[in-house]
Amino acid sequence: MPLPIGDTIGILADNLALRKSVLPISASSATRWARGLNLPRGGETVIYTGQMYQLIPYITGMNKAQSMIEDSPLADFTRVGRFINRFINISSLMSMPESSMQGRFNSILVNMASLLKQAGVEFGYLYQDDLYSGALAYDLGVDDVLEEHAQKVYSNLKKHGVKNVITADPHTTNMLRSVFPLIVRGYDIKVKSYIEVLAERNICALRDLGSEVVIHDSCVYARYENMLGEQRTLLAKAGVNVREPVSTGEFTLCCGGPAESLYPKKAAAAAQRRVEELKAAGSDVITMCPICLVNLQKAAHGQINIEDISSYLARAYC
Amino acid sequence: MALVNPDFVDEVKRSEEFNASACMNCGVCSAVCPMGIELLPRKLFRYVLLGLKDKVLDNKETIYSCLLCKMCEANCPAKVHIAENVRSLRYYMNKKVFKL
């Protein structure tokens, strides 16, 4: 039988309400990427990760467990799991990450911080107060829990004197820029993606990469945030020839990731369809969302090389 | 025979953003859906508007399979807020069916 919808969403909502994330991870795992970077705590402008890149290795571990449960008699026990999870964080026990994967995703955030420094941006970091944005709860329609959580995120930002947030991924950008103003009274934080900040600063490339990549636009950047030009401008200035797959820009095809929490098999099938389109356009692909990155890499089985856009930008601009 | 509940749309509708009635049933949304969801949103929204509550409740998997990727919205000639309408349905289901 499929994963029970109500109990699965219930576990995610309970985690957000009790532990401030749909899939709670330790503060050390969430902040490890910033070790050695000497980023000041707080300040008027901060880089805000929303823990998205750090969560991916844990989500991958959780999805492996879910795939085994989906369509098996074990799915019946999700209700019991939800009850126990209120007292013991069993969702963390089910999502053991691979340390090599953690290293890879942490290095993406280091790239972003290096790029911002290179562009002359002065910014801090909230460390353990850099909370998950609640994006999955929003997508699943758990709005009451989300509204309480959004208030906690906003209170943290105000506590640290933050006025400007520089986000690392499209989902956190959308939540903090377009959703929070609708659900948090008096919300007054200015939000930009690091890609927008780099483009706005007119950062100069130090190296011409002379390469060619296929671009996979994030649905959220393309259709929720109307952000399509900045990433192409930065790549062009770095000497990267951008190839567009058949579905691109405003009409980009989803990686399937949003279905992962309830329907892992449907998510994998959607990712496979997108990989076929990308393969037809070339063998080196860039993404700009951690969920797209992990879903497409999983579906590609190494047939094409998929990297986060920050890796290319760091090679050219830092 | 279907049981019709004329108040159902008001139960689902949470704001003016819910504009299912703008749908003109052209079928573009179904044609471009990356998940191949034939039902969403044109039939599903019609069920809501007609008050066919049981039909909506029978389609939980369809409602939660939607990626909210907005490919349908980008192509919709009637500017239906499809993703937000689906989120409204999820909110309704979470509250009334799953008691979340």
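Quick note on labels: first sequence line is chain A, next is B, and so on, each numbered from 1.
- For residues 71-78 of chain B, a heavy-atom distance under 4.5 Å to chain A picks out B:Met71, B:Ala74, B:Asn75, given by residue number.
- For A:Thr252, the part lying near chain B is the backbone, with the side chain staying farther off; criterion is any non-hydrogen pair under 4.5 Å.
- A:Lys266 NZ: more than 12 foreign heavy atoms inside a 6.0 Å radius.
- Going from atom OH of B:Tyr64 over to atom CD1 of A:Ile5 covers 6.5 Å, rounded to the nearest 0.5 Å.
- Interface residues of residues 16-26 of chain B toward chain A, defined by a heavy-atom distance below 4.5 Å: none.
- The greatest number of non-hydrogen atom pairs below 4.5 Å with chain B, out of A:Val142, A:Val145, A:Asp144, is found for A:Asp144.
- With a 4.5 Å cut-off on non-hydrogen atoms, B:Leu68 touches chain A through its backbone and its side chain both.
- Counting heavy atoms from C-beta on, the side chains of B:Lys70 and A:Glu250 never come closer than 4.5 Å.
- Contacts from residues 221-232 of chain A to chain B, taken as heavy-atom pairs separated by less than 4.5 Å, involve A:Arg223, A:Tyr224 in sequence order.
- Residue contact with chain B, scored on non-hydrogen atoms closer than 4.5 Å, involves the backbone and the side chain of A:Phe251 alike.
- Although no hydrogens or angles enter the test, the distance criterion places a donor-acceptor pair under 3.5 Å between the side chain of B:Asn94 and the main chain of A:Gly141.
- Contact count versus chain B (heavy atoms, under 4.5 Å) is highest, among A:Cys219, A:Ala270, A:Ser218, A:Ala267, for A:Cys219.
- Interface residue B:Tyr91: backbone and side-chain heavy atoms are both found under 4.5 Å from chain A.
- Enclosure of atom NZ in A:Lys152 by more than 12 non-hydrogen atoms of other residues, nucleotides or ligands within 6.0 angstrom is indicated.
- Closest of all the heavy-atom pairs between B:Arg14 and A:Asp143 is NH1-OD2, 2.8 Å.
- Note: A:Leu253 CG to B:Leu67 CG = 9.0 Å, rounded to the nearest 0.5 Å.
- The interface of residues 6-22 of chain A with chain B, defined by heavy-atom distances below 4.5 Å, comprises A:Gly6, A:Ile9, A:Gly10.
- For B:Lys99, no part lies near chain A; criterion is any non-hydrogen pair under 4.5 Å.
- For the set B:Arg90, B:Lys60, B:Met93, the entry with the most heavy-atom pairs within less than 4.5 Å of chain A is B:Arg90.
- In this structure, A:Glu148 places its CD atom where only 12 or fewer heavy-atom neighbours from other residues, nucleotides or ligands lie under 6.0 Å away.
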